[in-house]
Amino acid sequence: MLILSPSILAADFTKLGEQIEETISAGAGYIHLDVMDGMFVPQISFGMPVIETIRKCTDKVFDVHLMIEDPGRYIEAFAKTGADIITVHAEACRHLDRVIQQIKAAGVKAGVALNPATPLSALDYVLDELDMVLIMTVNPGFGGQKLIPYCLEKVHDLRLLMKERGLDIDIQVDGGIKASNAKEVVEAGANVLVGGSAVFSGDITANTKAFMDVFAEFENK
Ligand SMILES: O=C(CO)[C@@H](O)[C@H](O)COP(=O)(O)O
Ligand SMILES: [Co+2]
């Protein structure tokens, strides 16, 4: 199943509830929440209080992308905000397997993200434990960047690896994803697409529907 997960980082925060509702009504399946700590990435975005507050607006799947150092310190706190999926960066964890166990013990689905320069081998011993792998298609930290093409090769290789191992795990892509490159991204093997500026700049309904039209082409095949 193909899912659009709009990143609220690009939304107008004075109209957050309305804008989330608009993208959901037009077909978005998840809501992507980018948490940045000013250490793992240069920017600071938002944390638990914001997620807890918007949890009151919708019961959609909350897909929380933690761009924070040593995320094991905060897993239980983010689980309490109502997160459905928590994704940590392999590069930010000293004991990745332990952090994955912590996420699952908190009753939340576990995802691991890889930066563009991090090889798939970083997932070797944990892949079977995961619900989702996030292949970053830009270096994390900012919205509005351009997709780095070689990252799609990684998506393709990961899909093959999963097939070999008989696994059916979601592959999410994040960074520079637009309706105009969504076909290529899905063909590479991704099934959860994060869209920030491509969803929230301009007409949110039309932007979301443009992704849905691409998804429909695959689902009608
Ligand atoms: O995690 C990140 C950035 O680090 C993303 O989720 C961005 O927020 C996506 O924004 P666009 O590239 O789609 O504008
Ligand atoms: Co993100």
Side-chain angles (χ1 to χ4, degrees), residues 2-13 16 19-20 23 26 28-47 50-51 54 60-69 71 74 78 81 83-92 103 109-118 131-152 154-155 170-186 188 190-204 206-208 210-212 214-215:
L2 299 173
I3 295 163
L4 175 67
S5 189
S7 161
I8 65 158
L9 202 59
D12 177 345
F13 274 54
L16 199 48
Q19 295 203 340
I20 288 174
T23 187
Y30 293 175
I31 299 298
H32 185 83
L33 301 141
D34 286 306
V35 178
M36 302 177 176
D37 67 350
M39 291 291 286
F40 181 70
V41 290
Q43 300 267 40
I44 296 177
S45 58
F46 51 79
V50 170
I51 301 178
I54 52 179
K60 273 281 156 187
V61 171
F62 271 17
D63 151 31
V64 177
H65 177 192
L66 295 183
M67 285 165 272
I68 65 177
E69 278 298 340
Y74 294 107
F78 279 104
T81 65
D84 298 285
I85 307 169
I86 295 180
T87 299
V88 295
H89 271 260
E91 305 85 1
I103 299 173
K109 288 189 173 172
V112 171
L114 299 181
N115 283 342
T118 305
D131 298 292
M132 189 168 83
V133 175
L134 165 51
I135 301 291
M136 289 303 298
T137 39
V138 299
N139 281 295
F142 305 93
Q145 303 180 72
K146 254 190 143 167
L147 179 144
I148 302 170
Y150 71 75
C151 298
L152 295 188
K154 209 149 70 162
V155 171
D170 289 323
I171 301 182
Q172 183 175 58
V173 281
D174 184 9
I177 307 296
K178 306 187 177 311
S180 58
N181 60 23
K183 184 167 186 269
E184 191 188 354
V185 161
V186 172
N191 67 306
V192 182
L193 280 64
V194 176
S197 41
V199 172
F200 290 104
S201 307
D203 184 337
I204 296 171
N207 295 340
T208 304
F211 278 95
M212 296 306 119
V214 177
F215 292 176

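What's counted below: heavy atoms across the whole structure, side chains too, no hydrogens, waters or symmetry copies. Just so you know, ligand 1 is whichever comes first in the structure, and atom 1 is the first atom listed for that ligand.
Considering only non-hydrogen protein atoms, atom 3 (C) of ligand 1 sits nearest to Phe142 O, 3.5 Å. The protein non-hydrogen atom at the shortest distance from atom 10 (O) of ligand 1 is Gly143 CA, 3.6 Å.
At least one N or O atom of Gly144, backbone or side chain, sits closer than 3.5 Å to an N or O atom of ligand 1.
When the options Gly176, Ala11, Ala198, Gly196 are ranked by their closest heavy atom to atom 12 (O) of ligand 1, first place goes to Gly176. Of all the listed residues (Asp174, Thr87, Val41, Asn139), Asp174 holds the heavy atom that lies closest to atom 2 (C) of ligand 1.
Of all the N, O or S atoms in Asp174, the one closest to the Co ion (ligand 2) is OD2. Closest approach between the Co ion (ligand 2) and any N/O/S atom of His65 involves ND1. The N, O or S atom of Asp34 with the smallest distance to the Co ion (ligand 2) is OD1.
Nearest heavy atoms, Gly176 versus Asn181: O-ND2, 2.9 Å. Across all non-hydrogen atoms, the minimal contact from Ile148 to Pro116 is CD1-CG, 3.9 Å. Closest approach of Gly175 to Thr137, counting heavy atoms only: O-OG1, 2.7 Å. Of all non-hydrogen atoms in Met212 and Leu4, the two that sit nearest each other are CE-CB, 3.6 Å.
Taking every non-hydrogen atom of His32 and a distance limit under 4.0 Å, the qualifying atoms of ligand 1 come out as 6 (O). Distances below 4.0 Å separate heavy atoms of Ser197 from the following atoms of ligand 1: 11 (P), 13 (O), 14 (O). Which parts of ligand 1 touch Met67 is read off a 4.0 Å heavy-atom cut-off, strictly below it: atoms 1 (O), 4 (O). Residue Gly175 approaches ligand 1 through these ligand atoms, each under 4.0 Å from one of its heavy atoms: 12 (O). Numbered from 1 in the order shown, with element, the atoms of ligand 1 that lie under 4.0 Å from a heavy atom of Ser7 read 6 (O), 8 (O). With ligand atoms numbered from 1 in the order given, ligand 1 contributes 4 (O) to contacts under 4.0 Å with heavy atoms of Pro140.
With a 4.5 Å cut-off on side-chain heavy atoms, Asn115 and Phe40 count as touching. With contacts defined as side-chain heavy-atom distances shorter than 4.5 Å, the pair Tyr30/Ile85 qualifies.
Residue contacts with ligand 1: Gly141 is included, with a non-hydrogen atom under 4.0 Å away.
Side chain of Ser45 to backbone of Asp34: a donor-acceptor contact under 3.5 angstrom is found.
More than 12 non-hydrogen atoms from other residues, nucleotides or ligands lie less than 6.0 angstrom from CZ of Phe46.
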